[in-house]
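Beneath this line is the structure, given in C-alpha cells, with notes to follow.
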Amino acid sequence: MSPPPLARLLGHARGQLLAGALALTALTGLVPSLPVTGPRVEAVVVIDITGSMNTRDERLDGKPASRLDKAKATLRGLAAALPCGSRLGLGLFAERRAFLLFEPIETCADFGALDGALAGLDWRMGWEGDSRIAAGLFRAIALAGDLGSDLVFVTDGHEAPPLPARGGPAFEGKPGAVRGLIVGAGGHSPVPIPRYDDRGREIGFYGAEDVPHENRFGPPPPEAEHREGYNPRNAPFGSHAAPGQEHLSSVRDAYLRGLAAETGLAYAPLDAPGGLAEALTAAATTRSRPVRLDLRPVLGAAALAALLVLFGLLPWHIRLRETVSRLRHGA
Amino acid sequence: MTVLARFGVTAPAWLWLLPLALLPLAASAQRRVPIPSLAMVPADGLSRLVDAVLTLAGMAGIGFLVIALSGPHLAGESLARTGEGAQISLLVDRSGSMNETFAGRQPSGAEESKAAASRRILDGFVGRRAHDLVAVSAFSTSPMAVLPMTDRHDAVRAAIRAIDRPGLEATNVARGLGLALAQFGTGAPQASRVLLLVSDGAAVIDRRVQPTLREDFAKIRPTLYWLFLRTAGSPGLADRPAGEDTPQAAPERHLDLFFKSLGVPYRAFEAESAQAVEAAIREIDRQERKPISYAERRPQRDLTGLAYGLAALAMGLLLAGTLIETDLATRRPASRPAASRETRRAA
C-alpha cells in the first residue's frame with residue numbers, strides 16, 4: 001500500500017523542491033512587500049542660476065556643457081538614485097535670495113514631476129544678475145530650516161560683485177542646525193563667462209572691463225594707502241580701477257569649503273565619486289520613514305533556483321549516479 | 001498600439017536566463033523508473049499527452065518566473081474618455097505685493113496675505129479635481145517653470161504651498177503668459193485647456209510681444225481665467241483712469257482689454273477678499289466641470305503578479321503530476337544492475 005500522496009510527495013527531494021517553489025511563488029501574491037522603516041533623506045535643492053553657471057567648463061556625455069546643464073543632469077541622477085520614500089524640494093538662487101519653487105515631494109511617486117521640473121531649469125528664470133553666494137546660502141539654510149528639511153546648495157561659489165575687503169556677511173544661524181551639502185560646480189582653471197543680450201541671445205564673453213574686480217563698499221583694505229593716487233578722503237581705494245580676474249570663473253571650492261565649515265554643512269564636488277546620492281545620504285539627517293520592502297524578487301529568485309535544481313541539477317545528478325553504479329558493477 | 005509594442009520590462013538582464021526554460025525538454029522532474037526494456041511498456045497515448053503537458057508546465061514554470069523577475073509591465077496608454085477634467089496651466093504672480101493683505105498692508109494677526117489666501121484656496125481647488133493635469137508656473141521679473149503638466153496632485157500641492165513664501169520684485173505678466181502657454185505642450189489638442197492666471201496687478205504688455213502672445217493663444221486656444229486679487233481702493237478692471245487712458249496709467253484695465261481681444265473664452269474675476277477668491281474658484285470649478293472629452297493617460301500596468309500567477313499555475317500542474325505518478329509495476333523492481341537499461345519517463 002502506498003503512503004498518502006502528500007507524505008509521499010514531501011518524502012523525496014523532487015517533491016520538496018517543487019512544493020517549495022510553488023509555496024514561494026504563492027507567497028509573492030500573499031506577501032508582496034513588508035512594511036519596514038528605512039533611513040531616507042528629505043532635502044530642498046537650491047540651485048544657483050546666475051550668469052557664472054553658464055560657463056562651459058563641465059563635461060556631459062563627453063561633450064562640453066555648462067555648469068547649469070551638468071548640475072541639472074546630476075540632480076536628475078540624484079532624484080533617480082535616491083531610494084523610494086526620499087523627498088526632494090526645489091528652489092532657485094540668484095541675487096541674494098533662495099526662491100522656493102516647491103516643497104519636498106516624493107522622489108518615486110512624483111518622479112515625473114520632479115524630473116520635469118529639474119529639466120526645465122533655466123538661467124533665464126533669474127530675476128537679478130547679482131550672485132551673492134554667502135547671503136543666498138544663509139537664506140537657503142533658513143528656508144530649509146523653516147521647511148524642516150535638509151539642504152543641497154548647488155553653486156560655483158563665484159561671488160559677483162566680489163566680497164568687500166572686510167569679508168562676506170557672517171552666518172547668524174546655528175551651525176549644524178540644518179544639515180546637508182554644498183555642491184561645487186565647475187572646473188578649476190579660470191574660463192570666460194558667456195554673455196547674453198536682453199533677449200537671451202549669447203553675444204560673446206565678459207571682458208575684464210565689464211565686471212567690477214573690487215567691492216568698494218565699506219572701509220578700504222589696509223594696503224590701500226600704498227596704491228597710486230590714494231587719498232584718505234577722496235580716493236580711499238586709490239585712483240585706478242583695481243585689476244583682477246573676476247571676469248573669469250572657476251569653482252571656488254576653498255571658499256565653499258569655508259562656507260560649509262562655517263554653517264555646518266558638508267562639501268561635495270558636482271562629480272563626487274559615488275554620485276551625489278551617497279554624499280547626500282552621508283551628510284543628511286537620518287529620517288526613518290515607513291517604506292515597503294518588495295519581497296517578490298527574493299521569493300521569485302528562490303523559487304526559480306528550486307525549479308532549476310529540480311530540472312537542471314537533479315536529473316543529471318541521478319543519471320551520473322546511475323552511470324557510476326553501472327560502471328562499478330561492471331557492465 | 002498593439003499590446004506587444006506596449007510590453008516592457010524594468011530589469012531586462014534577467015531575461016538572459018530565459019533559455020533555462022528549455023531545461024524540461026532535456027530532463028524530466030518525474031521519478032525515473034528503471035525497467036529493462038521500453039518494449040515492455042505498451043504504447044499509451046494518454047501517457048504521451050501527460051508527458052507533453054508536464055514538460056510544457058515545467059517550461060512555463062521556469063519561463064514565467066524569469067519573466068516575473070524581470071518586472072514585466074504594459075506601458076501606459078492614452079484612452080479617449082468623456083469625463084470631468086482639464087489641462088490646467090496655473091500661472092501665479094509671485095511679486096512682492098502678493099505678500100500684502102487685500103487691504104495693502106503687511107499681514108498681522110488673523111489677517112491673511114493675498115498669497116496665503118490663494119495658496120489655501122488653490123490647494124482645495126486642485127484637491128477636489130481628480131482627473132486634471134496641472135502645470136504650475138510663476139512669474140515676477142522673469143517667468144519660472146515650476147512644474148510641468150502632471151497628474152501628480154501631491155507635487156502640484158507642494159508647489160502651491162510654496163506660493164506664500166516671500167516674493168520677488170516686479171510683475172512681468174507677458175513672459176509669464178508665454179511660459180504658461182508653453183506648458184500645454186503639443187499633445188492632446190482635443191483636451192479642454194484652462195489657463196488660470198492669479199495675480200494682484202498687471203503690467204504693460206510690450207507691443208512687440210503682443211503679436212507673439214496672440215498667435216500662441218490662437219494656436220492653443222485655452223479658456224482664460226484671470227483671478228485678479230484687487231487691493232482695496234485700487235482701480236478695478238472697469239475703471240477708466242482720470243487722466244489719459246493709456247496702458248501705463250491703467251495696466252489692469254488694458255490687460256483686461258487685451259485678453260478680451262484674444263478671441264478665446266475669457267473671464268475675469270475681481271476678488272477683493274478671500275471669500276471673493278473662494279467664490280471665483282468655485283465658479284471656475286463649476287464651469288470646467290462640464291463633461292468634456294479628454295485623453296486619460298493610464299499609468300503603466302504591472303504584470304509581475306500575473307507572471308507569478310502563471311508560474312504558480314504551471315508548478316501546480318507539475319505538482320499534480322508528481323502526486324499522481326505511479327509505478328509501472330506495483331512493486332518497485334529491486335535496484336539491480338542491468339546490462340542495458342532503458343528508462344522511460346513515467347507519467
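Proteins get letters first, then strands, A, B, ... in listed order; numbering begins at 1 in each.
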Worksheet entry | Cation-pi, A:F99 ring and B:R94 (6.0 angstrom, 45 degrees) | yes

Discussion item. Quick check on the interface: out of A:A119, A:G120, A:G112, A:P297, who has the most heavy-atom pairs with chain B under 4.5 Å?
Written reply: A:P297

Response to the item:
In terms of heavy-atom contacts, B:A159 and A:F102 come closest through CA-CB, 3.4 Å

Practice prompt. Say whether, by atom type as modelled, one donor and one acceptor occur between the side chain of B:S142 and the main chain of A:G126 under 3.5 angstrom.
Written response: yes

Worksheet, complete the sentence: Bottom line for A:I105: the part with an atom under 4.5 Å from chain B's heavy atoms is side chain

Worksheet, complete the sentence: Okay, B:I160 and chain A: the region with an atom under 4.5 Å from a heavy atom over there is neither

Worksheet item: What distance separates A:E95 CD from B:T141 OG1, expressed to the nearest 0.5 Å?
Response: 8.5 Å

Discussion item. According to side-chain contact (heavy atoms from CB on, under 4.5 Å), who are the partners of B:D206, at least two apart in sequence or on a separate chain?
Written reply: B:R208, B:V209

Discussion item. Are B:R165 and A:R97 packed together at the side-chain level, in the sense that at least one heavy-atom pair is separated by less than 4.5 angstrom?
Written reply: no

Response to the item:
Under 4.5 Å to a heavy atom of chain B? For A:L92 that would be side chain

Practice prompt. Answer with side chain, backbone, both or neither: which region of B:A145 has an atom nearer than 4.5 Å to a non-hydrogen atom of chain A?
Written response: both

Worksheet entry | Taking every non-hydrogen atom, the tightest pair across A:A113 and B:P148 | O-CD, 3.6 Å

Fill in: Distance-minimising heavy-atom pair for B:M315 and A:L22
SD-N, 3.6 Å

Item to complete: Supply the atom-to-atom distance B:L23 CG to A:W316 CH2, rounded to the nearest 0.5 angstrom.
Response: 8.5 Å

Worksheet item: Rounded to the nearest 0.5 Å, how far apart are CE of A:M125 and OG of B:S137?
Response: 8.5 Å

Worksheet entry | Greater than 12 external heavy atoms within 6.0 Å of A:E172's CD | no

Worksheet entry | Heavy-atom check, side chain of B:L17 versus side chain of A:L304, under 4.5 Å | yes

Item to complete: Sort B:R161 into side chain, backbone, both or neither according to what part of it lies under 4.5 angstrom from a heavy atom of chain A.
Response: both

Fill in: A:L100 versus chain B, the contacting section by heavy-atom distance below 4.5 Å
both

Practice prompt. Check whether A:L147 gets within reach of chain B through its side chain, its backbone, both or neither, counting any heavy atom under 4.5 Å.
Written response: side chain

Practice prompt. Indicate yes or no: does A:R296 engage B:D302 in a salt bridge with an N to O separation below 4.0 Å.
Written response: yes

Worksheet item: Is chain B contacted by the side chain of A:E128, its backbone, both, or neither, given a heavy-atom distance below 4.5 Å?
Response: side chain

Worksheet item: What distance do A:R124 atom CZ and B:M144 atom CE have between them, rounded to the nearest 0.5 Å?
Response: 15.0 Å

Worksheet item: Does B:L318 reach the side chain of A:F311, with side-chain heavy atoms less than 4.5 Å apart?
Response: yes

Worksheet item: What is the distance from atom CG of A:L299 to atom OH of B:Y308, rounded to the nearest 0.5 Å?
Response: 7.0 Å

Fill in: Residue selection (most heavy-atom pairs with chain B, distance under 4.5 Å) from A:G15, A:G312, A:G300, A:G116
A:G300

Fill in: Contact summary for A:A117 and B:L147, nearest pair of heavy atoms
CB-CD2, 4.1 Å

Discussion item. Testing the basics here: between B:I62 and A:L307, what is the closest heavy-atom pair and its distance to 0.1 Å?
Written reply: N-CD1, 3.7 Å

Worksheet item: For B:R157, is it the side chain, the backbone, both or neither that has a heavy atom under 4.5 Å from a heavy atom of chain A?
Response: neither

Practice prompt. Identify which part of A:A109 has an atom lying under 4.5 Å from any heavy atom of chain B, answering side chain, backbone, both or neither.
Written response: both

